[in-house]
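Everything below concerns the one structure shown next.
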Amino acid sequence: VWGCFSSYGFGELFCFVGNLNSEFLINIYENALLPSANKWFKQNEPWYLQEDNDPKHKSKMAEAWRIQHNVNRISWPANSPDCNPIENVWAILKERLKENTKLNVTSLAHHPLKEWKSLPSEFARKLAESCTRRCQAVINSNGDYTLY
């Protein structure tokens with residue numbers, strides 16, 4: 001799954017089967033990222049995309065798409081899952097999915113969407129607001145492990 005959020009709430013969740021590559025990432029940007037950003041932000045209001053340094057995020061294809069669509073990407077330190085608040089969301093979703101032992105392959109495709117939609121906007125706001133503290137914690141630890 002691919003998902004996004006801002007301080008305004010949770011955006012689109014994009015569920016797919018198979019491996020994610022740069023070309024498919026562009027599909028996700030167009031069908032999930034942009035609709036979410038358009039819902040949250042006014043047409044000329046600046047917003048910034050935070051994603052990790054996965055090669056497909058840094059690919060020439062993804063970079064060209066972001067430039068073409070005026071999507072500003074935040075420069076992100078390498079190997080920094082402590083900083084990435086979406087990891088907290090994935091952990092919660094994984095726990096909720098583990099609790100449901102009646103899931104089969106068919107229902108597993110729909111269950112994450114149900115759980116995603118149940119996440120409160122207040123949680124998204126708190127995660128977005130935590131970014132400054134997360135980054136400061138990494139700075140304070142000289143890039144070492146933090147409690148995030």
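- Taken to the nearest 0.5 Å, the CZ atom of Phe14 stands 11.5 Å off from the SG atom of Cys4.
- For the residue pair Gln136 and Asn140, a side-chain donor N or O sits within less than 3.5 Å of a side-chain acceptor on the partner.
- The distance from atom CG of Asn27 to atom CG of Leu33, rounded to the nearest 0.5 Å, is 12.0 Å.
- Without hydrogens or angle criteria, Trp47 side chain to Lys42 main chain gives no donor-acceptor distance under 3.5 Å.
- In terms of heavy atoms, Pro85 sits closest to Ser130 at CB-OG, 4.4 Å.
- With rounding to the nearest 0.5 angstrom, the NE2 atom of His57 is 5.0 Å from the CG atom of Leu25.
- One finds the CG atom of Asn31 at 11.5 Å from the CD1 atom of Ile26 (value rounded to the nearest 0.5 Å).
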Worked verdict on Phe24 versus Asn19 for side chain to side chain contact (heavy atoms under 4.5 Å, CB included): CA-CA 9 Å; Phe24 195 68; Asn19 292 326; over 6 Å; no
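- Of all the heavy atoms in Ser6 and Phe41, the pair that sits closest is CB-CZ, 4.2 Å.
- Between Phe123 and Phe5, the distance separating the two ring centers is not shorter than 6.0 angstrom.
- For Asp52 against Gln50, the heavy-atom pair with the smallest separation is N-NE2, 4.1 Å.
- Of the charged side-chain nitrogens involved, none lies within less than 4.0 Å of a carboxylate oxygen, so that Glu87 and Arg134 do not count as a salt-bridged pair.
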Verdict with reasoning, Glu63 to Lys60, per salt bridge (Lys or Arg N to Asp or Glu O under 4.0 Å): CA-CA 5 Å; Glu63 190 171 324; Lys60 289 179 183 179; over 6 Å; no
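- Note on Leu113: it does not cluster hydrophobically with Leu20, by side-chain heavy-atom contacts below 4.5 Å among ILVMFWY residues.
- Salt bridge status for Lys126 with Glu129: absent, with no side-chain N to carboxylate O gap under 4.0 Å.
- For the atom pair Ile28 CD1 and Lys56 NZ, the distance stands at 9.5 Å (nearest 0.5 Å).
- The hydrophobic clustering, which links ILVMFWY residues whose side-chain heavy atoms are closer than 4.5 Å, places Ile67 and Met61 apart.
- Judged purely by atom type and a 3.5 angstrom limit, Ser36 uses its side chain to pair as donor or acceptor with the backbone of Glu12.
- Residues Leu34 and Leu13 do not share a hydrophobic cluster, clusters being chains of Ile/Leu/Val/Met/Phe/Trp/Tyr side chains in contact below 4.5 Å.
- Heavy-atom neighbours of Asn72 CG from other residues, nucleotides or ligands within 6.0 Å: above the threshold of 12.
- Distance check: Phe10 CZ to Ile86 CD1 gives 7.0 Å after rounding to the nearest 0.5 Å.
- Glu30 and Trp65 share a side-chain donor-acceptor pair at under 3.5 Å.
- Tracing side-chain contacts under 4.5 Å through hydrophobic residues (I, L, V, M, F, W, Y), one reaches Tyr29 starting from Trp40; they form part of the same cluster.
- Residue Lys94 places its NZ atom among 12 or fewer non-hydrogen atoms of other residues, nucleotides or ligands, all under 6.0 Å distant.
- Residues Trp2 and Phe16 place their aromatic rings such that the two centres sit no closer than 6.0 Å.
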